[in-house]
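Below is one structure, written out as structure tokens; comments come after it.
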2 protein chains.
Amino acid sequence: MRLGRGVEWGIHCAALLAELGPGETLSAAALALKFGLSPSYLLKHLKTLTRDGILVSVPGPAGGYRLARSAARISLLDIVQAIEGSGPAFRCCEIRQHGPERLPPAAYPRPCAINAAMLRAERAWRSALAAESVADIVARFHAEADPRSVAASREFLARYRRPQRGRPERATV
Amino acid sequence: MRLGRGVEWGIHCAALLAELGPGETLSAAALALKFGLSPSYLLKHLKTLTRDGILVSVPGPAGGYRLARSAARISLLDIVQAIEGSGPAFRCCEIRQHGPERLPPAAYPRPCAINAAMLRAERAWRSALAAESVADIVARFHAEADPRSVAASREFLARYRRPQRGRPERATV
DNA sequence: GGATGGTTACTCGGATAGGAGGTGTCCGAGTTCTAAGGG
DNA sequence: CCCTTAGAACTCGGACACCTCCTATCCGAGTAACCATCC
């Protein structure tokens, strides 16, 4: 079992975007710079998150990305499913029906016991991911991380954030 | 996230081997026939399970595979880890240290909050898999499956099982 | 001075190559069974 | 009739191609900001 790098990148980006004021955005280039990633490839994952309704993209100059809803309403599961797909990790091939002694499909009304057990485990995994929100991650970062790291992030945001277009930045929290 | 087919195959094979008498074996060819799989490729996974101490292989003519210990002591987690590897699905790249404003490594004594959350979820998944044994799977099969299917398995075993070498089959349960 | 239109530069979006890992297959090493030959 | 020994067949074990998916990159479409021009 293996998760792609995009999951880690997506969560980190979401956590950073969560620290923006309402309406503010951050360009993909700035996010890539902050984490030392390839801007082109990061863009691919940000696009995916936008498609899935987790981020909102603002086109044109001074555009960028922001969270589509409050960080407390975005779970790690949302991001993982957007990047990796929502399908189950264990895909039952129904090999119990593939032998030489197979019965008609009607003889298998219940799901395979193995499949059921594997899916139960996956539900436990998903539940744990759903219980953790991006806001929780941010809170832990502020509580546990080195103060210099927190200050650096704050400074980075002040330097690269893009105000909401059209009207001056308003606090609508 | 995606699990290979070998996991499903391995569990099915272990469940079938669990129905053998003590010391009896089943050849890889018989297992492949029972499930309609490629014998060559199935052999690859059986080899892996043998390496990991879940199965025992008996070489030579009339050889085959049997469980290395009682089915109650083999969990689904054992099989999944043998096939897929025991490493974590989420591999933290420490990208928080890769930006332009990185601090010396000593400034990150605690693990990344994101990594911690992902690993917590994986522990939940592993716990669920560890709680289910191959014996449980077999019990469910006997309790829930179509009687014809159970009878077919019993008949298959009677046809293809290999007795313990050297001495006649003894019941040492 | 203010409004307006065109230009420009910057952003995201999709389509396109490269590489790692899972998938599938083959042939060789090892071991046991078999059978023939001799005592 | 029993033991020895050589052969053969069957088993598992490791090494070799193929294919899908993740990784990485580029160029094009679209949009808002900017600036020169006109009123």
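Chain letters run A, B, ... following the sequence lines, proteins first, then strands; residues in each count from 1.
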Nearest-Å distance, [atom1] ([X]) to [atom2] ([N])?
X         : N       : atom1 : atom2 : answer
Tyr160(B) : dT11(D) : OH    : C1'   : 17 Å
Gln164(B) : dT32(C) : CD    : P     : 14 Å
Leu42(B)  : dT25(C) : CG    : P     : 12 Å
His45(A)  : dA24(D) : NE2   : C1'   : 9 Å
Met1(B)   : dC22(D) : CE    : P     : 13 Å
Arg5(A)   : dC22(D) : CZ    : C1'   : 11 Å
Leu37(A)  : dT25(D) : CG    : C1'   : 15 Å

Through direct or indirect side-chain contacts below 4.5 angstrom among Ile, Leu, Val, Met, Phe, Trp and Tyr, which residues connect to [X]?
X         : value
Tyr108(A) : Leu103(A)
Leu119(B) : none
Val150(A) : Phe141(A)

Is the distance from OP1 or OP2 of dT23(C) to the nearest side-chain N or O of Tyr41(B) less than 4.0 Å?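 Answer is yes, contact under 4.0 Å.
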What is the per-nucleotide protein-contact pattern of nucleotides 12-20 of chain D, from the 5' end, where B denotes a base atom under 4.0 Å from a protein heavy atom, S denotes such proximity for sugar-phosphate atoms only, and - denotes neither? SBS------
Only pairs under 3.5 Å count here: list side-chain donor-acceptor contacts from residues 50-62 of chain A, not counting sequence neighbours, and write none if there are none.
residue	atom	partner	partner atom	Å
Thr50(A)	OG1	Leu46(A)	O	2.8

Return the 5'-most residue of the pair Ala62(A), Leu3(B) with respect to DNA chain C, ranking by each residue's nearest nucleotide.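 Going by which nucleotide is closer to the 5' end, it is Ala62(A).
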Side chain of Arg162(A) - closest among dA24(D), dA32(D), dT11(C):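 The answer is dT11(C).
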Kindly point out which of dT32(C), dC22(D), dT23(C) is positioned nearest to the side chain of Pro61(B)?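 Of the candidates, dT32(C) comes closest.
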SG-CD distance between Cys93(A) and Glu8(B), expressed to the nearest 0.5 angstrom: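 Atom-to-atom, Cys93(A):SG and Glu8(B):CD are 4.5 Å apart.
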Mind checking side-chain hydrogen bond (donor to acceptor under 3.5 Å, both in side chains) for Glu84(A) and listing every partner two or more places apart, or none if nothing turns up?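 Partners of Glu84(A) under the side-chain hydrogen bond (donor to acceptor under 3.5 Å, both in side chains) test: none.
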For residues 89-100 of chain A, which residues have at least one heavy atom under 4.0 Å from DNA chain D?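 Listed by number, there are none.
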Taking ring-ring contact (aromatic ring centres under 6.0 Å, His included) as the definition, give me every residue that meets it alongside Phe90(B), ordered by chain and number, with sequence neighbours left out.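 ring-ring contact (aromatic ring centres under 6.0 Å, His included) check on Phe90(B) returns nothing, list empty.
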Taking only residues at least two apart or on different chains, which pairs with a member in residues 25-36 of chain B satisfy salt bridge (Lys or Arg N to Asp or Glu O under 4.0 Å)?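 Qualifying pairs, neighbours excluded: Glu101(A)-Lys34(B).
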Have a look at Leu31(A) and tell me which of Leu42(A), Leu43(A), Leu37(A) forms a side-chain contact (heavy atoms from CB on, under 4.5 Å) with it.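 Exactly one option meets the side-chain contact (heavy atoms from CB on, under 4.5 Å) with Leu31(A), and it is Leu42(A).
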